[in-house]
Amino acid sequence: MADLLSILRSRFGFDSFRPHQAEACATLADGHDCLLVMPTGAGKSLCYQLPAVARGGSALVVSPLISLMEDQVGKLSAQGLNAARIHSGRPREESRQACFDWVEGKLDFLFISPERLRVPGFVEWLAKRKPGLVAVDEAHCISQWGHDFRPDYRLLGGRLDLLRGKGVRHDSGELPPESSQTPVIALTATATPLVQRDIIEQLGLHDCKRLIHGFRRTNLGIEVVELKPSQRADAVLEVLVGARPSRPQESGPEVRAPLPAIVYVPSRKECEALAARIAQSVPCMPYHAGLSAGDRDRAQAAFLAGDVSVIVATIAFGMGIDKHNVRTVIHTALPGSLEGYYQEIGRAGRDGKPSRAILMWSWADKRLHEWFMERDYPPVKDMRALWGALSNRATDLESLASELNLDVSTVGSRLDKLAAQGGARIDAEGYVTRGGDKWIDGYQRQLEHKRDQLDRMLNFAQGHGCRMLALLNHFGDPDNSRACGRCDVCAPQQCTLKSFRAPRPRELAVLRQIMDALRGRDDLSTGKLFRDNFEQHMKRGEFEDLLGALVQNGLVTTRDDMWEKDGRVIQFKRASLTDAGLEIEDDLATAVMLPQASSSFSAPEAAQATKPSRSRRSRKAAEKVADPLPGPDPALVDALKAWRLQQAKREGVQAFRIFGNKTLDAIAAAKPRTRDELLNVPGIGPAKLEAYGDGILEITRA
Ligand code: ADP
Ligand code: MG
């Protein structure tokens, strides 16, 4: 086998490996399966491309996004390698040619989309040639615990044996031994240990080497600030453009968080309103899923070109954006998961220069998430009521809704979840019958997983340790022995928004009491500490804040522990005094500083009350944006339903798996004529567009 470093230089034109690339390349080149988890931009593609060249033969790459495929095929062709791709955006003739070229061994690389695996006979055709290796890019999509689950990726598990050449006989007619099987590499930028396990299981990787590296971002200072929702917009303005809405005359503008910046907000309404306010001072545009594809492209292009220095976005912004000098990323609300959060803050400081990530949150965020969760994932008893209302006789959504005294969209959303676990069957026409009775376990796991994600996000926000370390531990990155030195915990004096104050007398009394309790007993569970001493007269959150202040000031240390109950692992913390804590005498009042929101926000309600007319106006403006769509065209709905039925039969799946009625209605209302317009319809993502775009447009254009 050729020397990997010389291939790197001669075929790829790079002088040296980036961190961890050499190890990944060697693993694969030696024929071992590998799971590679490294952040975006770390250089994962090379880790399958170089071993593919080293091993010789043709490499098969499964990739979920057309843009990613096009990008890689372009780069490989420029290196003089023969790369082809098969996806729905390609002319049929060229895809056929690619298939022939593959079988004849003319290709170095063939990229396919997971949707292709559904096409009858396709995998069998590919399997006529044994690939040199198989790469599964964006592999987190295979896990339902991953943050971008793509059901088509699940098909991979079943087809991989064929794809890696297990069924290909030698010329002699014998089947090859297992050890000569094609190696598989799964690549992703985002996978918790749970998702990592799921990927390995789903793909059936053998003796798989796990390489999880590079999550530490040395130039990123994370700052977590507790702020009421009503204070956050003002806080964003203050740090980004120096405006101090509540005290305008006090001091001149002072920009504290450098631009360019991305501000993530939780709703389209807030997106529009905040962008409009920021735009009064610096060039700023909103970006959310309710805008047309054209408006979104313009906003992204303007931000990339530097014409716009702030983008206010819902989570829809940032996939595949390659802007290296983003200095600040702000979240004005608690995200639903740490994986999503890490991806978003990862867009700051790609150029390696110091950058900031500011997260605003409060307990109100938890309640809001719980409210959404309750709506989207109701408790088992409500789902059982729905299951009980079903029978072998087909019924429709409207009758179910009136029987259960719920609105139609609530019932629809619950039905989808029930059907996903096999508890209901929905036919092509939207009629529903009862499914099996084994759905509860799966549903409960889904529910617990959602809760767990939120809990982890909350633990992170409330955490008292280094923020970067908390993230490294979350992803299972072994580089977790030193703190970052930049976050609000490691370097409070460098905070942009967060400020600190001395404890008040009552707080001081509690701090002393905690210290006394710990002096009596080391390694005490913090839950017990709270119940035995403080439960009667304070909230758990206040207690945790004060305990956290002791940790941050180096007087107390905590460690994670866990116990098992009914098969579930329950996490908790134990606290002990540090040496500094043991030695301290009576000067707690000066030894401990508590976080407080920026002093400008001491009277936020009063500040708002001075401008009622403006806030009412901006609310009006925001409501306009949310104008409902025109009604669907019934003839078009019928045509789409007929197409859906045909499609469902062809794939052997339930019709609602293709599209729900809501989505069909939305398509019929929007009457899209282009792929971009179709992508704008709620319920249509890139995967659906790729799989069904052409079929739908044929109907809507007719
Ligand atoms: P990922 O898939 O991890 O997000 P990519 O594989 O797309 O990252 O690589 C990101 C960039 O890094 C690409 O432009 C690639 O050419 C570049 N790159 C990868 N490896 C090296 C290397 N060893 N030296 C220099 N640049 C590299
Ligand atoms: Mg990649």
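Numbering starts at 1 and runs along the sequence shown. Start at 1 and go down the list; that is how both ligands and their atoms are numbered.
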Checklist line | Chi angles and distances behind the side chain to side chain donor-acceptor pair (under 3.5 Å) call for R456, Y341 | finding: CA-CA 11 Å; R456 281 165 184 266; Y341 177 66; over 6 Å; no
Margin query: Set out, in order, the CA-CA distance, both residues' side-chain angles and the distance that settles side chain to side chain donor-acceptor pair (under 3.5 Å) for R154 and Q202, then state yes or no.
Written below: CA-CA 7 Å; R154 286 270 176 197; Q202 292 294 329; 2.7 Å; yes
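A distance of 11.5 Å separates CE in M285 from CZ in F303, rounded to the nearest 0.5 Å. With values rounded to the nearest 0.5 angstrom, H331 atom NE2 is found 11.5 Å from I358 atom CD1.
Looking at H324, K323, R327 one by one, the single match for side-chain hydrogen bond (donor to acceptor under 3.5 Å, both in side chains) with D351 turns out to be R327.
For the pair D33 and R164, the salt-bridge criterion is met [side-chain N within less than 4.0 Å of a carboxylate O].
A distance limit of 4.0 angstrom between heavy atoms and ligand 1 selects the residues F14, S16, F17, R18, Q21, P39, T40, G41, A42, G43, K44, S45, K75.
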